[in-house]
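One structure is given below, encoded as structure tokens.
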Number of protein chains: 2
Amino acid sequence: MSAKRRSRLSQAAPIFAALGDETRLRLIARLSTDGPLSISRLTAGGRVTRQAVTKHLHVLAGAGLASSARSGRERVWELNERQIEAARECLDGISAQWDRALENLRKFVEE
Amino acid sequence: MSAKRRSRLSQAAPIFAALGDETRLRLIARLSTDGPLSISRLTAGGRVTRQAVTKHLHVLAGAGLASSARSGRERVWELNERQIEAARECLDGISAQWDRALENLRKFVEE
DNA sequence: AATTCATGCAACCTCCTGATTGCATATTAA
DNA sequence: TTAATATGCAATCAGGAGGTTGCATGAATT
């Protein structure tokens with residue numbers, strides 16, 4: 001398990017790190033409800049500058065959580081469903097590991 | 001939804017941020033399999049100093065993911081199951097929102 | 001062609017984070 | 001009590017993160 005789990009952990013960390021910012025979570029929430037959006041639309045109404053939004057989007061892209069494509073004079077961003085699923089599955093894994101540990105402890109006590 | 005979701009997001013961000021570090025994920029994995037452990041045990045075999053481990057543990061504690069208690073001359077750390085569940089549920093929420101958005105889009109196209 | 005709107009690029013700044021080292025304190029063991 | 005073990009506290013440091021501003025470029029509009 002060691003090698004496999006180790007690599008899974010090292011891949012999961014950047015994903016969680018990308019999710020660990022309120023502004024980025026808001027962008028994700030926005031993109032998940034309102035669909036693909038341009039940078040200016042994502043910026044409008046927000047509290048930070050367009051550049052800040054752009055940086056955050058690139059962080060999300062770096063973690064594989066979002067991707068973009070140019071369309072005319074704007075760049076449209078959308079979420080990457082698979083990677084979000086991957087993060088969820090990783091947390092499921094942690095929970096499962098936790099449950100397994102509890103179960104082992106229970107067995108040990110009962111024996 | 002706005003206010004409710006906004007607060008949920010602002011609470012979720014620190015949790016994800018705490019999970020967004022490989023060293024901390026390793027500590028979590030270790031604690032979830034080997035149960036409550038002292039700082040020196042968590043440090044032994046690792047790559048970073050005891051102080052670094054201590055700091056990481058405090059980050060986890062700050063996010064509510066772990067807690068500790070003094071036992072004799074050592075301090076024993078353990079995971080906080082509920083908070084990990086909370087994080088998982090938040091990701092579930094994001095996935096659900098995503099699914100809902102997709103479904104709405106589908107309906108819109110089909111109409 | 002001139003204007004306007006949407007981005008891209010780059011420099012800069014402040015604050016936080018991960019990590020270290022050195023020393024102090026508390027607790028157990030001899 | 002003395003030595004050894006386990007932890008706590010503080011100072012320090014390099015690098016990265018989040019954010020801003022200013023200017024350049026690319027594309028649509030008139």
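Side chains included, hydrogens not; waters and symmetry mates left out as well; all remaining heavy atoms used.
- Between the CZ atom of A:R26 and the C1' atom of D:dG18 there is a distance of 14 Å, rounded to whole Å.
- In this structure, the CG atom of B:D21 is 11 Å from the P atom of C:dT17, given to the nearest Å.
- Of the two residues contacting DNA chain D, namely B:H58 and A:V59, the nearest-nucleotide position lying further toward the 5' end is that of B:H58.
- Candidate nucleotides D:dG18, D:dT20, D:dG8 were compared by shortest atom distance to the side chain of B:R70, and D:dG8 ranks first.
- By the 4.0 Å N-to-carboxylate-O rule, B:E85 lies close enough to B:R88 to be salt-bridged with it.
- Counting only heavy atoms from C-beta on, A:R75 has its side chain closest to C:dT7 among C:dG18, D:dG19, C:dT7.
- Between D:dA4 and B:R73, no contact under 4.0 Å exists linking OP1 or OP2 to a side-chain N or O.
- Taking side-chain N and O atoms only, B:R50 has no distance below 4.0 Å to OP1 or OP2 of D:dG8.
- Comparing C:dG8, D:dT21, C:dT21 by their nearest atom to the side chain of A:I39 picks out C:dG8.
- Whole-Å rounding puts the B:R47 CZ to C:dG18 C1' distance at 15 Å.
- One can place CD of B:E74 at 14 Å from C1' of C:dA29, the figure rounded to the nearest angstrom.
- Picking from C:dA29, D:dT7, C:dT20 the nucleotide with the shortest atom distance to the side chain of B:S40 gives D:dT7.
- B:L57 places its CG atom 14 Å from the C1' atom of D:dA6, with the value rounded to the nearest Å.
- For B:K55 against C:dA19, a side-chain N or O and a base N or O form a donor-acceptor pair under 3.5 Å.
- Proximity note for B:Q51 (side chain, C-beta onward) versus D:dC9, D:dT20, D:dA4: the nearest is D:dC9.
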Go through the steps to decide whether B:H56 and B:W77 satisfy the test ring-ring contact (aromatic ring centres under 6.0 Å, His included), and finish with yes or no.
CA-CA 12 Å; B:H56 282 301; B:W77 286 83; over 10 Å; no
Show your working on side-chain contact (heavy atoms from CB on, under 4.5 Å) between A:L25 and A:D21 and close with a plain yes or no.
CA-CA 6 Å; A:L25 282 184; A:D21 181 275; over 6 Å; no
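- At the heavy-atom level, A:R24 lies under 4.0 Å from the strands shown only through sugar-phosphate atoms.
- Two residues are said to be in side-chain contact when any heavy atoms from C-beta on lie closer than 4.5 Å; A:T43 and A:T49 fail this criterion.
- Contact check, B:T54 against D:dT7: no side-chain N or O comes under 4.0 Å of OP1 or OP2.
- Closest to the side chain of A:H56, from the set C:dA29, D:dG19, D:dA27, is D:dG19.
- Rounded to a whole Å, the CG atom of A:L60 is 10 Å from the P atom of D:dG18.
- Distance A:W77 CH2 to C:dG8 C1': 12 Å, rounded to the nearest Å.
- Between B:Q83 and B:G64, the shortest heavy-atom distance links the atoms CB-O, 3.2 Å.
- Contact annotation: A:T23 does not reach the phosphate of D:dG18 (side-chain N/O to OP1 or OP2, under 4.0 Å).
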